[in-house]
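All of these numbers come straight from a predicted model, not from anything done at the bench. Counting starts at 1 for both ligands and their atoms, in listed order.
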Amino acid sequence: MFRAIFVLLAVFCHVARLQSTATCDLFTFPSTFKFGAGTAAYQIEGGWNEDGKSRSWWDWFTNNYPQYCNNATGNIACDSYHKYKEDVAAMKAIGLEFYRFSLSWSRILPKGFSYSVNQAGVDYYNNLIDELKAAGIEPLVTIYHWDTPMALEYLGTTWTSPKMVDQFVAFADLAFSLFGDRVKLWATINEPKSFCQGIPGYFLTYIFPELPMGTLEYLCGHHVLLAHAKTYRLYQEKYKSTQNGRISITLDLNYNMPLTNSTEDIEAAERRNLFEFGWFAHPLYYGDYPQIMKTVIANNSAKQNFTASRLPKFSCTEKLMIKGSYDLFMVNSYTGTQVTLKEYNNEPSYINDEQTSGTQPDHWLSTAVSNLKVYPEGIRYVLKYIKESYGNPEIMITENGYSDTTGNVNDTLRIEFIRETLGNIRLAICEDGVNVTRYTYWSLLDNLEWARGYGVKFGLVQIDFDSENRTRTLKRSAYYYKNVIQNRYINVTDSTE
Ligand code: NOJ
């Protein structure tokens, strides 16, 4: 009798196991998983001084300091200001389900303030959104992707100032009121870690050596968090019931692994996660900065004779406002880093507070960006890390991509990169139980890679920057991606061959 029950149970378990593996096929994505691609206004639009647009900080920087920008500006870029219909046609040809793009603040508000709206700028985004909707492509809008209006910069209103918080909220409010009837997915601010701790440009110590490093990074992060949270709360009160959209902030994390098994390296890798990602994710999830940041920065500040910690503090009301101010996590992730403890340096700076250094092994394939070598497993570990650290939230990958220097349409290495990455995302879903719902390839187009210029090509679509037409040509990777989206299946072979 017992034996019969045991056999029945064993058969039952075996069938159940087979069924569960069958529902989590490592090659197949369900129809609920969405595929898209992304861009940012300054990187693609051009039309830098047209129809009432004023200069952004990036217009000012690239035009005044070409020596720091590879002699490249975004004055014309991909000319998407005029060619947005061609962009949407390319997206349609690839079969994208959504498109992530950003709003140029100084195109909509040339004075920075929301009392003076530039109708031509509003029209541009209305037209783009309508074109997308007509093509059946969902818009995912980033409100701020690094291009602060110069009008505000002149007034000292930038991320190191508390004045920026309400200025940003007013811009976001306007964006919701103008576009929120059609836009249901919003990213408030893109990669604050990158611009607050000095992505090429923005805080220019080589031009302005007086900048108070070690202080400005944390002021910047602090105001980003307040601006994001205030925007989130405003949306809930004013728009959620009618527009029913969802909001987050795009944070970036490349997988940090210890270089060796030493305690110092293991601690260094985790410290780096917390300084880079926890800096923003902890306040969103717990209401405050990671303890290690509070301790390390307070101790270092004391050693450096500051009378208070360089890391600002949130009031109780602010903590309550920030905690839970997201509907899901959005993450940009490209690679991985092997992390080790760096020698202590008493010069105040975020980098010295973090006290780590990162390398990538020689055998990882190089890309056009030196610290973004190919490590497709990284994304799986990043997703798992977010799941385990922040209460298993829904996650959207809002950026991931591969760059080369040629922009050649025969981009087999990009195909391989996408294939490997998607495989790792399936592993994260099937093996690690991560709730990841979208993948955004960066970028739709070859474009201006900020101060690195046009020599770094991330696109699924090639742009001929030598032609006035900025001719768009789909690369092989675009056809490969199209096939994945159509069949919801990760083809092992390059279907375009
Ligand atoms: C991060 C930024 O959001 C994007 O603008 C940039 O082009 C990519 N990563 C690649 O570096």
Q. When the ring planes of Phe29 and Phe33 are compared, do they come out parallel, tilted or perpendicular, using 30° and 60° as the limits?
A. tilted

Q: Flag the pair Thr250 / Ile189 as yes when at least one side-chain heavy-atom distance between them is below 4.5 Å, and no otherwise.
A: no

Q. Which residue and non-hydrogen atom of the protein lie closest to atom 2 (C) of ligand 1, and at what distance in Å?
A. Glu399 OE1, 3.4 Å

Q: Taking the six-membered ring for Trp and the full ring for Phe, Tyr or His, determine whether the centres of Trp48 and Tyr81 are under 6.0 Å apart.
A: no

(Q) Under 4.0 Å, heavy-atom basis, I'd like to know which part of Asn190 is in contact with ligand 1: side chain, backbone, both or neither. (A) side chain

Q. Nearest to atom 8 (C) of ligand 1 by heavy atom, Tyr334, Phe195, Tyr42: which?
A. Tyr334

Q: Answer whether the closest heavy-atom distance between the side chains of Tyr479 and Leu474 falls below 4.5 Å.
A: yes

**Q.** Contact check: Glu449 vs ligand 1, nitrogen or oxygen atoms, below 3.5 angstrom
**A.** yes

(Q) Distance under 4.0 Å to a non-hydrogen atom of Gln43: what atoms of ligand 1 satisfy this? (A) 4 (C), 5 (O), 7 (O)

Q) Side chains of Phe314 and His222: closer than 4.5 Å at any heavy-atom pair? A) yes

**Q.** Under 3.5 Å: N/O of Trp146 near N/O of ligand 1
**A.** no

Q. Which of the atoms of ligand 1 are close to His145, meaning less than 4.0 Å from one of its heavy atoms?
A. 2 (C), 3 (O), 4 (C), 5 (O)

Q: List every atom of ligand 1 that sits less than 4.0 Å from any heavy atom of Phe458, numbering the atoms from 1 in the order shown and giving each element.
A: 10 (C)

Q: Just say parallel, tilted or perpendicular for the rings of Trp58 and Phe61, cut-offs at 30° and 60°.
A: perpendicular

